[in-house]
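A short write-up of the structure that comes next.
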Amino acid sequence: MVRAVLGMKAVAQQWKGGLVGLLLGMCIVYLLQDTPTPTLLTPFYQAWSGASYCKPPQQQPTKGHSILNMDHTYFQHAAGIVIGSEHGDANLQRDQLKLLLAAWEASSTSFLKGVGDPSLGGHNILPSIVPKAPHLENCEDRSTFNRKLDSWDHNGTLPYWTLWKGEGFGLHMDMVSDTLKADKNVSMQSLYPPWVEGADEDNLPLTRQVQVDIWKHQHPQDCESPSLRFLLADWETDPGFGIGAQIASMAGLLAVAFTEQRILVSNYYNRADHEECLGSNHARWSCYFLSETSEDCRNRALLLASQSTAWVQGLITDKSNYTSRQIWVGKTPRQWGKPWEAIQPTTQIDGKMLVHHKAADRRWWRAQAVRYLMRFPSKYTCLLLNEARHKAFGVEAAKLVLDSLHYSWPKETLSQNETDIEQFVWKFRKPWLPRPLVSIHVRQGDKAKEMKVVGFEDYMKLAQQLRNWFPAARHIWLSTEMQEVIEESKAYSRWWDIYYTNVSRQTGNTSMPAYEASLGRATSTNYPLVNFLLSADADFFIGALGSTWCYLIDGMRTTGGKVMAGYLSVNKYRFW
């Protein structure tokens, strides 16, 4: 492939320059191709000021022109401009940084755009010469792997949850799993759902057992069994219900379904009813996360819903069969006893630790429900997260990578085959974030009608208290609907590195429904979910107990290994 680009004439003498040219050519094609602008974030290259280092010195390639057909002298000329011998060390480092960032974006590994280079049949052309991007995931591979972890094995055994917490698969896993299959002593309780992190003491009581039990309940092996019953429910669609309220409602329906031994099947999801949720995922929760049940069970529920006799026989129910009280504040499933009575809160308000939470049973259950419903992000959500991490942390990631290299990239490259540990253990490592990372969610605006709202300064006082104990914690992931908060955060840039999504925000006391409508359905759903997942993955969290959104973030964290990180709140909770 390299010879096709450079020509046969001067390969030995011009390999290094040609390699640089290849990267630059990819950069050029990427920046000039007709690519739709993402709705969540401004593309990274638009953030640079001044002339682009990917701009060719003379003739620009035509739209959609394959790099394989570009003239060899063109690459040499471009290479001389970007990585020239006349550059000083500072300029060279700057050029390397920009070139690496452009190469990561231009790479056709589906990291950022989800599609390969069409001129090469969608295949990756840069894996061996471009250093790996530590903050990005291969969303295609990840989604394929997640589906494998979310399905029964072909011979009726449970998914591969026992090895490396599900962090690798392939020949090695298959070999070991044969031994496990032959071991009759391997029980359900010995398996570890890969979406739960940390030790048991780092999570709410019985989290692992509950997650396994919910998964098994929602994924029967035979969805055609006449004994199965279903609860088919649309998500809340009233404009007054934010995403947090929608999730809380579905958590209540999951409790009802579990108590009645029904399989919950969520149907219409208005926030996924937009042009970016495609195919069978359109207007469904599965656009953002793997479905709460299998496709077979979904199809069975929809079939029963079309039969009047199934309703009469009670084989299927919907929300109309239950009162609002049953859905919102109904009885928590008692299959596991009362594990919430063993909860020791790690939540602080006004310098005092809470002794207990109000409605501790509901708090415990909603945490379990949100953990289950969001257990595996979809490919679409993975791409959104890649985009957000690249915009926020891409420069720092590139600096770390370049500092780690023991050769002068791109004039020199290192290509080698993946070792076993890279392929089976490290392949699905969590994307890099600057750590320790502090998540702060500031809820103000129309929420003042329901709770006491406080200024950004109060949140930052708690951040400073945290930093007194953890001085390395200088990175903040800030989420808020208020533009005023974003402006106030700039005053702290001397002491903190503060990151946030690039999206229009509220001014004044605009209602949340009006604000979301101004963003459009896709953006008003995408960026909150990205913020939610990054907040859940952060090392520390500062929020407001009176906010449902913060309430659910805390639930996601306390079932994701973050119990002992604590939760600093700026206000008291309402009725939770």
Side-chain angles (χ1 to χ4, degrees), residues 34-47 105 111-115 139 235-247 268-279 281-289 374 377-394 439-447 477-487 489 498-536 547-550 552-553:
D34 186 14
T35 304
T37 301
T39 56
L40 176 66
L41 294 164
T42 303
F44 181 81
Y45 56 83
Q46 292 183 7
E105 288 199 353
F111 276 168
L112 293 175
K113 302 299 176 189
V115 293
C139 293
W235 292 75
E236 296 287 351
T237 56
D238 189 297
F241 286 99
I243 298 178
Q246 289 179 306
I247 295 173
Y268 178 71
Y269 183 46
N270 63 332
R271 293 179 181 275
D273 190 359
H274 57 78
E275 65 281 0
E276 294 181 22
C277 291
L278 305 175
N281 293 325
H282 183 73
R284 281 173 48 181
W285 178 251
S286 58
C287 177
Y288 291 99
F289 301 92
M374 293 184 168
S378 66
K379 177 182 175 181
Y380 178 65
T381 299
C382 175
L383 292 169
L384 293 177
L385 288 166
N386 270 355
E387 186 86 24
R389 283 191 300 263
H390 190 59
K391 181 68 189 322
F393 314 127
S439 169
I440 297 180
H441 181 69
V442 180
R443 185 69 168 98
Q444 296 177 349
D446 63 339
K447 198 66 174 179
W477 181 261
L478 176 62
S479 57
T480 180
E481 76 281 8
M482 304 302 297
Q483 183 59 34
E484 180 182 352
V485 171
I486 298 299
E487 297 303 322
S489 72
I498 301 179
Y499 312 88
Y500 44 83
T501 51
N502 181 20
V503 67
S504 297
R505 287 180 163 82
Q506 290 188 53
T507 56
N509 290 323
T510 306
S511 69
M512 183 60 73
Y515 167 59
E516 290 184 336
S518 71
L519 293 178
R521 183 160 285 178
T523 301
S524 66
T525 305
N526 292 352
Y527 99 85
L529 287 176
V530 164
N531 279 321
F532 185 97
L533 294 174
L534 288 173
S535 295
S547 163
T548 303
W549 195 241
C550 290
L552 294 175
I553 289 175

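For the single chain, residues carry numbers from 1 onward in sequence order.
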From T381 OG1 over to N386 CG, what is the distance, rounded to the nearest 0.5 angstrom? 11.0 Å

Report yes or no: does E484 contribute a side-chain atom to a donor-acceptor pair with the main-chain N or O of T507 at less than 3.5 Å? no

For residues Q506 and M482, determine if any side-chain heavy atom of one lies less than 4.5 Å from a side-chain heavy atom of the other. yes

Side-chain donor-acceptor contact under 3.5 Å, N526 with Y288: yes

Side chains of S518 and S504: closer than 4.5 Å at any heavy-atom pair? no

Are side-chain heavy atoms of N531 and H441 found at a separation under 4.5 Å? no

If you measure from CG on L385 to CG on L534, what distance do you get to the nearest 0.5 Å? 5.5 Å

If you compare all heavy atoms of T480 against all heavy atoms of Y527, which two are closest, and at what distance to 0.1 Å? O-OH, 4.2 Å

Tell me, do E481 and R443 make a side-chain contact under 4.5 Å, heavy atoms counted? yes

Roughly how far, to the nearest 0.5 Å, is CG of L529 from CZ of F289? 5.0 Å

Polar side-chain atom of R521 near backbone of N270 as donor-acceptor pair, under 3.5 Å: yes

Out of curiosity, E276 CD to L383 CG, how far, rounded to the nearest 0.5 Å? 10.5 Å

Between H282 (side chain) and D273 (backbone), is there a donor-acceptor pair under 3.5 Å? no

Separation between CD1 (I247) and CZ (F241), nearest 0.5 Å, reads 13.5 Å

Shortest non-hydrogen contact from W477 toward A392: CZ3-CB, 3.8 Å

Quick one: CH2 on W285 to CH2 on W235, what's the gap to the nearest 0.5 Å? 4.0 Å

Is the closest side-chain heavy-atom distance between Y500 and S489 below 4.5 Å? yes

Taking every non-hydrogen atom, the tightest pair across A272 and C277: O-CB, 3.3 Å

Does the pair N281 and Y380 meet the rule for a side-chain contact (heavy atoms from CB on, under 4.5 Å), with working shown? CA-CA 10 Å; N281 293 325; Y380 178 65; over 6 Å; no

Could you tell me whether the side chain of I243 reaches within less than 4.5 Å of the side chain of F532, counting heavy atoms only? no

Set of residues satisfying salt bridge (charged side-chain N to carboxylate O under 4.0 Å, His left out) with respect to E516, sequence neighbours excluded: R271

If every non-hydrogen atom of S479 is compared with every non-hydrogen atom of S535, which pair is closest and at what distance? OG-OG, 4.2 Å

Under 3.5 Å: donor-acceptor pair, side chain of Q246, backbone of E236: yes

Does some side-chain heavy atom of L384 sit less than 4.5 Å from a side-chain heavy atom of E387? no

